[in-house]
Amino acid sequence: RHPLATFFHLFFRVSAIVTYLFCDWFSNSFVACFVTILLLLSFDFWSVKNVTGRLLVGLRWWNQIDEDGKSHWVFEAKRVPTIAASTEAEARIFWLGLIICPVIWTMFFFSTLFSLKLKWLALVIAGISLQTANLYGYIHCKLGGQKTISRVTSRLFGTTDVPKRQSRRIAEDGTEEHGKTGTR
């Protein structure tokens, strides 16, 4: 059980949203609000990517750049035979927070756009980008990287020719890594 990780998984996300909603009540400074919310979003991105994803669901992802300058995305999933009820609840909290928050930031995008508060648009786009990047990375980890996604889409659309740019290996600690190579 990881109650502290679960708390911080939700704390930074909810704090950024609440601060965005009520910042005008507490401060008249746009810059102070902007920086505070951006820091909360950054703390959230870092903690979810590097700490809570690993502890709560056994997943992590990162990008490596080799000597040739090529970008390699690595998606890692820890093989866990059985999940206890407490860990299952933590995993559910992790995934709900990971899915709901980008939806909320997308609603903020449309409300900002339609209310013509364009100075907040950059912040909302940053929120969507950071939240969606974590969601995208963890979905790749959960589904087993591009290899599993290619199999699913090939079954759906009836294609059998799938690019073989995928590598897979199992590390000593029982984690399964999926790498997707590509240039950036």
Distance in Å, [X] [atom1] paired with [Y] [atom2], rounded so as to fall on 0.5 Å steps:
| X | Y | atom1 | atom2 | value |
| --- | --- | --- | --- | --- |
| Thr132 | Leu98 | OG1 | CG | 9.5 Å |
| Leu135 | His140 | CG | NE2 | 10.5 Å |
| Asn50 | Leu55 | CG | CG | 11.0 Å |
| Asp66 | His72 | CG | NE2 | 3.5 Å |

Nearest non-hydrogen partners of [X] and [Y], listed with the distance:
| X | Y | value |
| --- | --- | --- |
| Arg60 | Arg54 | NH1-NH2, 3.1 Å |
| Cys141 | Trp61 | SG-CB, 3.8 Å |
| Asp24 | Asn28 | O-OD1, 4.3 Å |
| Ser27 | Cys33 | CB-SG, 4.0 Å |
| Phe30 | Lys119 | CZ-O, 3.3 Å |
| Cys101 | Ile17 | SG-CD1, 4.0 Å |

Quiz item: Got a donor-acceptor contact below 3.5 angstrom from the Tyr138 side chain to the Val48 backbone?
Solution: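 It does hold such a pair.
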Quiz item: Counting distance only, does the side-chain N/O of Asp68 pair as donor-acceptor with the main-chain N or O of Lys70 below 3.5 Å?
Solution: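 Flag not set: sc Asp68 to bb Lys70 has no pair under 3.5 Å.
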Practice problem: Decide if atom CZ of Phe43 counts as having more than 12 heavy atoms of other residues, nucleotides or ligands within a radius under 6.0 Å. | Solution: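 Open: at most 12 neighbouring heavy atoms sit under 6.0 Å from CZ of Phe43.
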Examine [X] and [Y] and state if one hydrophobic cluster contains both, with Ile, Leu, Val, Met, Phe, Trp and Tyr joined whenever side-chain heavy atoms are less than 4.5 Å apart.
| X | Y | value |
| --- | --- | --- |
| Leu116 | Leu123 | no |
| Leu96 | Ile139 | yes |
| Val103 | Ile125 | no |
| Val18 | Phe34 | yes |
| Leu113 | Ile128 | yes |

Do [X] and [Y] have side chains that approach each other closer than 4.5 Å (heavy atoms only, starting at C-beta)?
| X | Y | result |
| --- | --- | --- |
| Leu21 | Phe108 | yes |
| Phe45 | Leu41 | no |
| Ile37 | Trp120 | yes |

Exercise. Indicate, with yes or no, if the rings of Tyr20 and Trp105 have centres closer together than 6.0 Å.
Key: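 Between Trp105 and Tyr20, which both carry aromatic rings, the centre distance is below 6.0 Å.
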Show me the side-chain donor-acceptor pairs of residues 6-16 shorter than 3.5 Å, one per line, residues at least two apart or across chains.
unit_1	atom_1	unit_2	atom_2	d
Thr6	OG1	His2	O	2.9
His9	ND1	Thr52	OG1	3.4
His9	NE2	Phe94	O	3.2
Arg13	NE	Asp44	OD1	3.2
Arg13	NH1	Gly97	O	3.2
Arg13	NH1	Gln131	OE1	2.3
Ser15	OG	Phe11	O	2.6

Practice problem: Please state whether the rings of Phe75 and Trp73 are parallel, tilted or perpendicular, taking 30° and 60° as the class boundaries. | Solution: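 Rings of Phe75 and Trp73: parallel, under 30°.
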